[in-house]
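Below: one structure, written as structure tokens.
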Protein chains: 2
Amino acid sequence: MQNKVNRCEAKPVFFNSLNNEQLKTVNASRFVVHFKAGETIFKQGSALTHIIYIIEGKTKVLLEDSNNRTILLKILKQPDIIGGPGFSTDYRHHFSVVALEDTKTCFIDVILFKRLVLSNQPFAMSLIAYLNHEIIDLFDKLKDLTNKHMNGRLADTLIYLSDDVYQSPEFTTLLSRSDIANMSCMTNESVIRTLKDFKADGIINCKGSYFKILKKDVLLDISKKG
Amino acid sequence: MQNKVNRCEAKPVFFNSLNNEQLKTVNASRFVVHFKAGETIFKQGSALTHIIYIIEGKTKVLLEDSNNRTILLKILKQPDIIGGPGFSTDYRHHFSVVALEDTKTCFIDVILFKRLVLSNQPFAMSLIAYLNHEIIDLFDKLKDLTNKHMNGRLADTLIYLSDDVYQSPEFTTLLSRSDIANMSCMTNESVIRTLKDFKADGIINCKGSYFKILKKDVLLDISKKG
DNA sequence: AAAACAAAGTGATATATATCAACAAATGAT
DNA sequence: ATCATTTGTTGATATATATCACTTTGTTTT
């Protein structure tokens with residue numbers, strides 16, 4: 001891990017409610033860290049000492065359990081903030097974050113972050129709104145992953161990648177088949193087989209890391225039906 | 001639904017960080033509502049107008065999806081607060097709450113609640129901590145429900161009921177087999193069969209609504225192994 | 001108490017999905 | 001370029017779990 005200290009170029013939407021003086025304090029202590037593809041930005045269970053802002057690059061968020069099973073929860077990229085529910089609870093990380101490509105991040109001391117929350121009500125309120133959005137997303141994830149069958153779950157993953165991560169019906173992904181499996185709660189082999197089915201039905205086209213969604217309406221329908 | 005207006009006798013832990021003046025404001029506007037067993041306290045999708053504090057009685061929290069499948073997320077009882085992630089986002093309920101027995105609740109206007117959050121930093125911070133705990137619980141739920149097999153999931157449910165809800169190895173529950181199924185993401189029939197297996201193995205005893213956990217260590221082991 | 005209804009329980013069968021084993025293709029190292 | 005290693009792919013088989021049809025038990029209603 002390279003550890004180049006310099007200024008952040010970008011500013012997260014999240015920090016909009018800070019005043020100039022507060023922004024100056026943040027600027028004074030924050031530092032940039034570069035991660036190479038495959039490197040772990042932080043590991044589940046470790047101490048939460050900084051709130052991390054992604055300046056550049058895509059990262060995957062992993063929920064790991066004691067039996068070596070992993071859920072790939074989501075993909076984070078600029079201007080996402082990586083905090084995690086350890087903030088103001090046990091100050092530990094409850095998921096791991098791994099860089100999918102070379103990634104540039106900005107570290108903000110969590111003690112400073114807490115001071116900002118305590119001294120700026122709109123900032124606190126926007127954090128509360130953010131956390132509630134996270135909870136809504138987790139509700140949806142819980143429903144999708146437990147109630148839907150493989151086809152529906154894989155359709156969800158493909159729609160998520162296309163709409164949210166790559167913002168295009170056509171994309172080349174850094175995710176392996178196993179990553180896609182971990183996102184969709186299925187095995188490697190089942191992902192491959194189901195992708196093959198989708199391809200045979202003319203819903204998508206894919207080869208290796210290349211994906212193209214041909215019939216989004218059908219995919220949405222599969223997602224809805226579960 | 002009866003709608004008897006009077007004072008709340010109990011005060012949630014949650015409101016500890018309020019000062020006297022703020023408590024007075026809350027007291028002035030809050031009102032008590034009684035629900036009978038089976039009645040819906042609020043329905044998923046409806047407007048979030050009040051934060052509800054449970055004074056007495058047990059309620060179930062239901063996550064409903066568009067295909068009529070339901071997850072029973074948890075059981076709430078005094079001194080739990082029912083707010084939900086609609087607060088400061090879309091001001092809608094993202095789950096339904098149904099009374100399992102006669103339940104006494106205290107309604108607090110959500111606009112007043114928001115004012116309190118904005119005017120009292122420690123209160124805001126304790127809300128943030130609460131939301132983060134909720135997220136940690138959801139992470140665990142997500143991992144448990146997607147990674148574990150039936151035995152492990154049902155073991156989790158039994159441990160939850162014994163430890164958290166009834167706080168005794170022996171309890172008579174208001175939950176039906178279907179409720180237990182919805183908590184454990186399995187069918188009615190599978191719950192019955194698995195309970196029978198546990199009984200045959202001397203891990204639990206149960207008959208109708210009566211449950212007794214005989215070998216908690218074994219149950220914990222089943223839960224861990226998944 | 002009888003009837004009606006809901007909830008609990010059982011067995012047979014179907015189905016979704018994982019597992020295993022083997023191989024092909026792509027990628028990286030020497 | 002060749003070998004080694006990982007990643008992707010395929011087919012055969014095993015297994016967990018749902019579904020369906022039915023019986024039994026318990027609980028409310030008249």
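Below, chains carry the letters A, B, ... as their sequence lines are ordered, and counting in each starts from 1.
Between Val165(B) and Lys58(B) the shortest side-chain heavy-atom distance falls below 4.5 Å. No side-chain heavy atom of Ile203(A) sits under 4.5 Å from any side-chain heavy atom of Leu214(A).
The separation between Asn188(B) atom CG and dA6(C) atom P is 15 Å, rounded to whole Å. Following rounding to the nearest Å, Asp197(B) (CG) and dG9(C) (C1') show an atom-to-atom distance of 13 Å. Rounded to a whole Å, the CG atom of Leu195(B) is 10 Å from the P atom of dA8(C). The CD1 atom of Ile192(B) sits 17 Å away from the P atom of dA12(C) (whole-angstrom rounding). The distance between atom CZ of Arg193(A) and atom P of dC20(C), rounded to the nearest whole Å, is 14 Å. Rounded to whole angstrom, the span from the CG atom of Leu174(B) across to the P atom of dA7(C) amounts to 14 Å.
Among the protein residues, Thr187(A) comes within range of the nucleic acid bases, having at least one heavy atom under 4.0 Å from a base atom.
Note on Lys207(A): a side-chain N or O is less than 4.0 Å away from OP1 or OP2 of dA26(C).
Contact detail for Ser178(B) and Asn188(B): the closest heavy-atom pair is OG-ND2, 3.1 Å. Here the closest non-hydrogen pair linking Cys185(A) and Leu145(A) is SG-CD1, 3.8 Å. Contact record, Val191(B) with Leu154(B): O-CD2, 4.1 Å, taken as the closest heavy-atom pair.
The backbone N or O of Asp179(B) sits less than 3.5 Å from a side-chain atom of Ser176(B), completing a donor-acceptor pair.
Between Phe42(A) and Phe95(A), the ring planes are tilted. Angles from 30° to 60° get that label.
At a cut-off of 3.5 Å, with distance as the only test, no side-chain donor of Thr172(B) or Ser209(B) sits close to an acceptor on the other residue. Looking at Lys60(A) and Ser96(A), their side chains never bring a donor and an acceptor atom within 3.5 Å of each other. Side chain to side chain, Thr89(A) and Asn132(B) fail the donor-acceptor criterion of an N or O pair below 3.5 Å. In summary, the side chains of Tyr53(A) and Thr105(A) do not present any donor paired with an acceptor at a separation below 3.5 Å, with no hydrogens or angles considered.
Across the helix from dA1(C)-dT30(D) to dT30(C)-dA1(D), the helix axis at one end is tilted relative to the axis at the other end by 40° (nearest 10 degrees, each axis from five pairs).
With hydrogens and angles ignored, no donor-acceptor pair closer than 3.5 Å exists between the side chain of Arg177(B) and the base of dT10(C).
Scanning residues 144-151 of chain B for heavy-atom distances under 4.0 Å to DNA chain D yields His149(B), Met150(B).
In the 5' to 3' direction, nucleotides of DNA chain D lying under 4.0 Å from heavy atoms of chain B begin and end at dA16(D) to dG26(D).
When distances run from any side-chain atom of Glu189(A) to the nucleotides dG9(C), dG11(C), dT19(C), the shortest one goes to dT19(C).
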